[in-house]
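Just so it is clear, the model here is predicted, and its values are computed rather than measured.
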Amino acid sequence: MANESSKTILLIEDDSDSRNLFLAVLEARGFDGIAAENGVAGIQQAQKYLPDLIICDIMMPDMDGYDVLNVLRQDPLTAIIPFIFLTGNHDTAGLRKGMELGADDYITKPSTIEDILKAIAIRLEKQALLRYWYATKSHQLTESLAVDSEAIFPSIPHLQEVFDYIEAHYHQGITLSNVAVAVGYSPAYLTSRVARETGDTVNGWIFKRRMAAARPLLRNSNKTIEQIATALGYQNACHFSRQFRQHHGLPPKAWRKQQQSLQSGRNLKPQLIAACPQSEKCLLTGRS
C-alpha cells in the first residue's frame, strides 16, 4: 500500500453520521481526511487542497455526485485526481453514467471497512505507479518545448483528431469541453471513448502533454516558474506547481534543483579524469 500517512482524502457526503464514520476510519488508518457536507463545498475543498483522492456520495441535494465529478473533470487542476463514487444504488445505468464522466471506481453501501480501504489502496497504488513512470521515463522525451507528440500520444487513427487538437492547443489552457467541441462529440461520450481506447482521460492527455513540455523547460532553461506556467496554459504559477508536485512528488523548483544536481554530477567525473595524473585516472576509471 502507498504511504498512507502522506495521503489526503476528501470525503463529500451530506449525511453527517456517515461522514463522521468515514473520517474516523480514514484517520485511524493514518490518512489526512477532509470532509465536505455538499457538492459545492466539495468542489471548493478539492480546488483548495488538491487531495490525493476523492470519495463522493452520488445522491445529494442541490448538486449530486455526477455534477461534482463533471465540474472537477473540467478543471485542469482537479481533472486527474482519482475519484470514487459512494452509492447505495446498484443501477447499471447509473454506474455507466459515472464511468463515462470519468469516475475511477464505486463503493457500494453497505460496505465493510476492508472493502473501502482496498478500493482506496488500489487507486493510490495506480497513482503511485504513474508518478514512478513520470520519474523514470521523462528523460526519454525530447529535451525541448517542441516535444515529439508521437512520443506522448498513442497511435490510434480514429483518435488522431483529438490528439492533434491537444498538441496544437495544450498551451492555451484547454479542457475536455474545448476538445469535445472541436471534434464534434459530447464531453461524456468523448471521455468514454478515449478512456476505453487509451486507458486515460482527455484531461489526462492534456496534462501529460503539458508535463512533457514542462520538464525540459525546467531542466534546460532559466525561465521562472511563472513564465513556464504561462507558457503551458496555466492560470497562475500556483496551479502549475501544485499539479506538477502532485504527479512528480516534488514542486517544480525542487525538481529543477534535483535535475541540475544530477547533471552536475554527470559532468564532474569527466572533468576529474581529465585533470588527474595517469595513476589517478586508473583509479577513477577502474583500469589497472
Side-chain touch Gln160/Ile156, heavy atoms, less than 4.5 angstrom: no
So if you build clusters from Ile, Leu, Val, Met, Phe, Trp, Tyr with side-chain heavy-atom gaps below 4.5 Å, do Val162 and Val181 land together? no
Indicate yes or no: at least one non-hydrogen side-chain atom of Asp32 is less than 4.5 angstrom from one of Ile9. no
Keeping the roles fixed (side chain from Arg209, backbone from Tyr170), state whether a donor-acceptor pair exists under 3.5 Å. no
Looking at side-chain heavy atoms only, is the closest gap between Leu190 and Val202 below 4.5 Å? yes
From the list Arg242, Gln243, Glu226, side chain to side chain donor-acceptor pair (under 3.5 Å) with Tyr234 holds only for Gln243
Any chance you could measure Tyr66, atom OH, to Cys56, atom SG, to the nearest 0.5 Å? 10.5 Å
So CZ of Arg215 and CG of Asn220: to nearest 0.5 Å the spacing works out to 12.5 Å
For residues 173-198, which residue pairs pass the salt bridge (charged side-chain N to carboxylate O under 4.0 Å, His left out) check, not counting sequence neighbours? none
Donor-acceptor pair, Arg210 side chain versus Leu232 backbone, under 3.5 Å? yes
Test log, rule side chain to side chain contact (heavy atoms under 4.5 Å, CB included), inputs Val68 and Ile43: CA-CA 7 Å; Val68 172; Ile43 292 171; 4.0 Å; yes
Output yes when a side-chain donor or acceptor of Asp200 lies under 3.5 Å from a complementary backbone atom of Trp205, and no otherwise. no
Nearest 0.5 Å, please: how far is NZ in Lys7 from CG in Leu124? 6.0 Å
In terms of heavy-atom contacts, does CG of Leu250 have more than 12 from other residues, nucleotides or ligands at under 6.0 Å? yes
Given 3.5 Å as the limit, does a donor-acceptor pair link the side chain of Asp14 with the main chain of Met60, or not? no
Give a yes or no answer on whether the side chain of Asn178 reaches the backbone of Thr175 with a donor-acceptor pair at less than 3.5 Å. yes
Heavy atoms, side chains only, cut-off 4.5 Å: are Ser241 and Pro251 in contact? no
Side chain to side chain, Met211 and Phe240, heavy atoms closer than 4.5 Å: yes
Could you measure the distance from the OG1 atom of Thr87 to the CE atom of Met59? Nearest 0.5 Å is fine. 8.0 Å
Once rounded to the nearest 0.5 Å, what's the spacing between atom CD1 of Ile84 and atom CG of Leu69? 12.0 Å
Do Ile174 and Val179 come within less than 4.5 Å of each other through their side chains, counting heavy atoms only? yes
Any side-chain to backbone donor/acceptor pair from His239 onto Gln235? Under 3.5 Å, distance only. no
Ignoring hydrogens, what is the shortest heavy-atom contact between Leu26 and Ile120? Give both atom names and the distance. CD2-CD1, 3.6 Å
Taking Gln227 for its side chain and Thr224 for its backbone only, find out whether a donor-acceptor pair lies under 3.5 Å. yes
Would the distance check show the side chain of Arg19 and the main-chain N or O of Glu13 forming a donor-acceptor pair, the cut-off being under 3.5 Å? yes
Leu72 and Ile54: CA distance, side-chain angles, deciding distance, side chain to side chain contact (heavy atoms under 4.5 Å, CB included) verdict: CA-CA 10 Å; Leu72 294 179; Ile54 297 171; 3.7 Å; yes
Tell me whether Ile122 shares a hydrophobic cluster with Ile113, the cluster being built from Ile, Leu, Val, Met, Phe, Trp, Tyr side chains joined at under 4.5 Å. no
Check for a donor-acceptor pair, side chain of Thr8 on one end and backbone N or O of Pro51 on the other, with a separation under 3.5 Å. no
Checking side chain to side chain contact (heavy atoms under 4.5 Å, CB included) against Phe31, which of Leu117, Leu11, Asp52, Val25 comes through? Leu117
Is the closest side-chain heavy-atom distance between Ile206 and His169 below 4.5 Å? no
Any idea how Tyr106 and Phe85 line up, ring-wise: parallel (<30°), tilted (30 to 60°), or perpendicular (>60°)? tilted
Carefully, step by step, assess Ile228 and Arg256 under the rule side chain to side chain contact (heavy atoms under 4.5 Å, CB included). CA-CA 12 Å; Ile228 293 174; Arg256 167 183 270 175; 3.6 Å; yes
Looking only at heavy atoms, what is the nearest atom pair of Gln74 and Pro187, with distance? NE2-CB, 4.3 Å
Could you go step by step and tell me if Ile225 and Lys253 meet the side chain to side chain contact (heavy atoms under 4.5 Å, CB included) rule? CA-CA 7 Å; Ile225 302 303; Lys253 287 183 179 179; 3.6 Å; yes
Separation of Ile152 CD1 from Lys208 NZ (nearest 0.5 Å): 10.0 Å
Is Asn20 reaching over with its side chain to a backbone N or O of Ser16, donor-acceptor style, under 3.5 angstrom? yes
Decide if atom CG of Asp62 counts as having more than 12 heavy atoms of other residues, nucleotides or ligands within a radius under 6.0 Å. no
Check whether any side-chain heavy atom of Leu159 lies under 4.5 Å from a side-chain heavy atom of Val194, and answer yes or no. yes
